[in-house]
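Only one structure is covered here, and it is reproduced in the block below.
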Amino acid sequence: QVQLVESGGGLVQPGGSLRLSCEASGDRLDYYAIGWFRQAPGKEREGVSRISSRHSRTYYTNSVKGRFTISRDNAKNTVYLQMNSLKPEDTAVYYCAIAWSNTDWTPQSIDEYDYWGQGTQVTVSS
């Protein structure tokens, strides 16, 4: 059983930065695609960014392109989401999730992810 624990959320002013971490235990992340998702109050969970296992190919939803950066450190069994130039509309609970893959395939559908973290709250407000 894989466990994922997110950290790094908090309250930040518009324009500020946060770095989220997602640490895994129970298995190595080397052969998993990893996704970051978020869910704002009253809204559906949406994909924010994904990174593949084989060549660390990255994908971003349009609203965060140029502001967020996903990365992985397999030696630390951890994935990160660096969030810069934060906006109030980025306020949400952020979740990491993993799906087994030894290629550059990264699932877009929430249903295709095998394990989820408990989430970390990000609030962007002045």
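Everything numeric here is computed off the predicted structure, so don't read it as measured data. Numbers here simply count residues along the sequence, with the first being 1.
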Within 6.0 Å of CZ in Arg54, more than 12 heavy atoms from elsewhere: no
Gly119 backbone acceptor or donor facing Glu6 side chain under 3.5 Å: yes
Atom of Asn84, atom of Ser17 and distance for their closest heavy-atom approach: OD1-OG, 2.9 Å
Atom of Ala33, atom of Pro107 and distance for their closest heavy-atom approach: CB-CD, 4.0 Å
Side chain Thr120, main chain Gly9, donor-acceptor under 3.5 Å: yes
Between CZ on residue Arg50 and OG1 on residue Thr61, distance to nearest 0.5 Å: 9.5 Å
Gln3 atom CD, over 12 foreign heavy atoms within 6.0 Å: no
Working for side-chain contact (heavy atoms from CB on, under 4.5 Å), residues Arg28 and Asn77: CA-CA 6 Å; Arg28 300 294 309 169; Asn77 226 29; 3.7 Å; yes
Donor-acceptor under 3.5 Å (Thr78 side chain, Lys76 main chain): yes
Pairwise side-chain contact, Pro88 with Pro14, heavy-atom cut-off 4.5 Å (strictly under): yes
Crowding at CD, Glu44 (>12 non-hydrogen neighbours, <6.0 Å): no
Closest contact, heavy atoms only, Arg38 versus Ala92: CB-CB, 3.8 Å
Polar side-chain atom of Arg67 near backbone of Ser85 as donor-acceptor pair, under 3.5 Å: yes
Closest approach of Gln118 to Leu4 (non-hydrogen atoms, all atoms of both residues): OE1-O, 3.4 Å
Distance in Å, Cys22 SG paired with Ile98 CD1, rounded so as to fall on 0.5 Å steps: 7.5 Å
Residue from Thr91, Leu11, Leu20 passing side-chain contact (heavy atoms from CB on, under 4.5 Å) with Val122: Leu20
Within one Ile-Leu-Val-Met-Phe-Trp-Tyr cluster: Val93 and Leu86, side-chain cutoff 4.5 Å: no
Chi angles and distances behind the side-chain hydrogen bond (donor to acceptor under 3.5 Å, both in side chains) call for Glu23, Ser25: CA-CA 7 Å; Glu23 184 173 5; Ser25 61; over 6 Å; no
Residue that, paired with Ile51, satisfies side-chain contact (heavy atoms from CB on, under 4.5 Å) out of Ile34, Thr69, Leu29: Ile34
Trp100 with Trp105, same ILVMFWY side-chain cluster at under 4.5 Å: no
Arg45 charged N/C atom sitting above Tyr95 aromatic ring, 6.0 Å / 45°: yes
Selection residues 36-80 - residue pairs positive for ring-ring contact (aromatic ring centres under 6.0 Å, His included), sequence neighbours left out: Phe37-Tyr113, Phe37-Trp116
Pairwise distance CE(Met83) to OH(Tyr94) - rounded to 0.5 angstrom: 5.0 Å
Under 3.5 Å donor-acceptor, Arg72 side chain and Ser52 backbone: yes
Candidate list Asn74, Asn102, Asp27, Asp114, test side chain to side chain donor-acceptor pair (under 3.5 Å), partner Tyr32, passing option: Asp27
Same apolar cluster: Tyr115 and Leu81, side chain cutoff 4.5 Å: yes
In one Ile/Leu/Val/Met/Phe/Trp/Tyr side-chain cluster, 4.5 Å: Val12, Val48: yes
